[in-house]
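Taking it in order: structure first as structure tokens, then the write-up.
All values reported here derive from a predicted model rather than from experimental measurement. Whatever order the structure lists them in is the order used to number ligands and atoms, beginning at 1.
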Amino acid sequence: QSHPISAPKLSRHAAIQRLLSTLAVLEQRDGQLNMSSLASISAAQKLGGSIHGFVAGASIKQVAEQAAKVEGLEKVIYVDNAAYDKGLPENYAQLLVENIKKGGYTHVLAGHSAFGKNLMPRAAALMDVSQISDITGIESEDTFVRPIYAGNAILTVQSEDSPKMITVRGTAFAAGAAEGGSAGVEEGVDPKAECSTEWVSENLAKSDRPDLATAEKVVSGGRGLKSKEEFDRLIPPLADALGAAIGASRAAVDSGFADNSLQVGQTGKNVAPQLYLCAGISGAIQHLAGMKDSKVIAAINKDADAPIFQVADVGLVGDLFEKVPEMTEKVKGA
Ligand code: FAD
């Protein structure tokens, strides 16, 4: 039976929508907009009201113009200053706060990435409000859903703070279309804040494979691989045959089989690909916390009672040293 929404309720909703205005903090690296931060725009669209994007860094106007094409944005605010290029939170937080105050936003959203997690608590503290972390759902303009205890419980948080400073779990909100929008581009305020920290250098793992956090398919290996040599012999060929990114359990990372940047789970990356195929991973809750939202989970494990089979859509009980090469050959031949 359907319950018609009463007229006063509808108009209250419409009135709230008109008052909402969100600032979506966009990430950039070397003049390229980070597409995974677009999930903040999708989340802002769920809230309703007007949405502005915010970006800062060196020669940033072209990034702002790129962002202006993203669907859903009304305006992109940019601050062109090399001092903000590396996203150091010490000065970026003050920069963000000045721009929040100027725009009078009701909500500020950023991705729950290293950048967002570093920046938003500081900016929230400067605004004297509580931060709401890692949301996976929006119930209304003041009520949000977020996982706690590595995803074992779901918390619904209501906040009276203004503005509401929120980080968004990228895998929970599909990134909006990068083309099709026609937002205005406008210069923001630059407080030219002092920065006590100096950015020296970074050492990034380079890979031609898809990015783990945003890949459509992920092949992950665990301690069951036994050694780095076996991990390298078995996992990359299957990943390449499928066009997948490589992931790993923490036990595999701690044992030196795989790079730290490949760790999936509570203390690693959150992934939600179309296919998550794992071999030699038991399925500890801390691992599940990072991958259980994957659309199809396939697992290979020699132990039929391994907890991974409780979340797997497809399970293969067997020796991975036989099954993984066999599967790689079959995928290559397909
Ligand atoms: P194991 O649990 O040792 O499982 C190995 C599996 O391989 C077994 O199920 C075994 O049956 C199978 N196997 C062995 N040989 C074969 C074979 N020949 N063929 C097929 N199968 C085989 N873990 C994460 O992954 N990510 C995290 O982010 C993370 N964060 C953590 C945070 C905290 C605070 C803590 C306390 C723990 C965290 N952990 C995390 C660790 C987690 O608890 C587990 O220890 C870890 O996930 C286990 O990794 P694994 O499944 O590879 O190894």
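Close approach of ligand 1 to Thr267 is summarised as follows: ligand atoms under 4.0 Å from at least one heavy atom of the residue are 27 (C), 28 (O), 29 (C), 30 (N), 31 (C), 32 (C). Near Gly222, the atoms of ligand 1 lying under 4.0 angstrom from a non-hydrogen atom of the residue are 52 (O). Every atom of ligand 1 with a heavy atom of Gly265 under 4.0 Å away is listed here by number and element: 26 (N), 27 (C), 28 (O). Taking every heavy atom of Ala284 and a limit of under 4.0 angstrom, the matching atoms of ligand 1 come to 42 (C), 43 (O), 44 (C), 47 (O). The distance from ligand 1 to the heavy atoms of Asp303 drops below 4.0 Å at these ligand atoms: 11 (O). The Gly318 neighbourhood of ligand 1 comprises atoms 19 (N), 20 (C), with distances under 4.0 Å to a heavy atom of that residue. Atom numbering of ligand 1 starts at 1 in the shown order; those under 4.0 Å from a heavy atom of Phe321 are 18 (N).
Side-chain polar atoms of Glu27 and Ser113 form a donor-acceptor pair below 3.5 angstrom. The closest side-chain donor-acceptor pair between Asn34 and Ser37, if any, does not fall under 3.5 angstrom.
Here the heavy atom of the protein found nearest to atom 22 (C) of ligand 1 is Lys302 CG, 3.7 Å. Among all protein heavy atoms, the one lying closest to atom 39 (N) of ligand 1 is Gln286 CB, 3.5 Å. Annotation: atom 14 (C) of ligand 1 to nearest protein heavy atom, Gly224 CA, 3.5 Å. In terms of protein heavy-atom proximity, atom 6 (C) of ligand 1 is nearest to Gly280 O, 3.4 Å. Protein heavy atom at the shortest distance from atom 45 (O) of ligand 1 is Arg223 NH2, 4.5 Å.
Residue pairs meeting the salt bridge (Lys or Arg N to Asp or Glu O under 4.0 Å) criterion with at least one member in residues 254-281, sequence neighbours excluded: Arg250-Asp254.
Selection from Gly268, Ser282, Ala304, Ala251 by nearest heavy atom to atom 51 (O) of ligand 1 gives Ser282. Across the listed options Asp319, Ile281, Val324, Asn301, Asp319 owns the non-hydrogen atom lying nearest to atom 17 (C) of ligand 1. When the heavy atoms of Gln266, Gln263, Arg250 are ranked by distance to atom 31 (C) of ligand 1, first place goes to Arg250. The option with the heavy atom closest to atom 50 (P) of ligand 1, from among Ser249, Ala279, Ala306, is Ser249.
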query: Does the side chain to side chain contact (heavy atoms under 4.5 Å, CB included) test come out yes or no for Phe231 and Ile246, once each step is laid out?
result: CA-CA 11 Å; Phe231 191 101; Ile246 294 179; 4.0 Å; yes
- request: Using the side chain to side chain contact (heavy atoms under 4.5 Å, CB included) rule, take Arg233 and Phe321 through it: C-alpha gap first, then chi angles, then the decisive distance, then the call.
  value: CA-CA 10 Å; Arg233 185 175 72 83; Phe321 294 100; 4.3 Å; yes
- prompt: Run the side chain to side chain contact (heavy atoms under 4.5 Å, CB included) check on Thr167 and Phe115 step by step: do they pass?
  reply: CA-CA 10 Å; Thr167 59; Phe115 169 72; over 6 Å; no
Salt bridge (charged side-chain N to carboxylate O under 4.0 Å, His left out) between Asp240 and Arg209, worked out: CA-CA 8 Å; Asp240 291 343; Arg209 296 196 177 87; 2.6 Å; yes
message: The test is side chain to side chain contact (heavy atoms under 4.5 Å, CB included); show your working for Val185 and Tyr78 and say whether it passes.
response: CA-CA 7 Å; Val185 170; Tyr78 71 93; 3.4 Å; yes
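Below 30°, between 30° and 60°, or above 60°: for Tyr92 and Phe54 the angle between ring planes is above 60°, a perpendicular geometry.
Contacts between Val264 and ligand 1 below 4.0 angstrom, taking non-hydrogen atoms only, involve the backbone exclusively. Only the side chain of Lys226 comes within contact range of ligand 1, with a heavy atom under 4.0 Å; no backbone atom does.
The residues Lys102 and Glu98 are annotated as not salt-bridged, no charged nitrogen and carboxylate oxygen being separated by less than 4.0 angstrom.
For Ala252, no nitrogen or oxygen atom sits less than 3.5 Å from a nitrogen or oxygen atom of ligand 1, counting backbone and side chain alike.
Across Ser40 and Gly111, no two heavy atoms sit closer than the pair OG-N, 3.4 Å.
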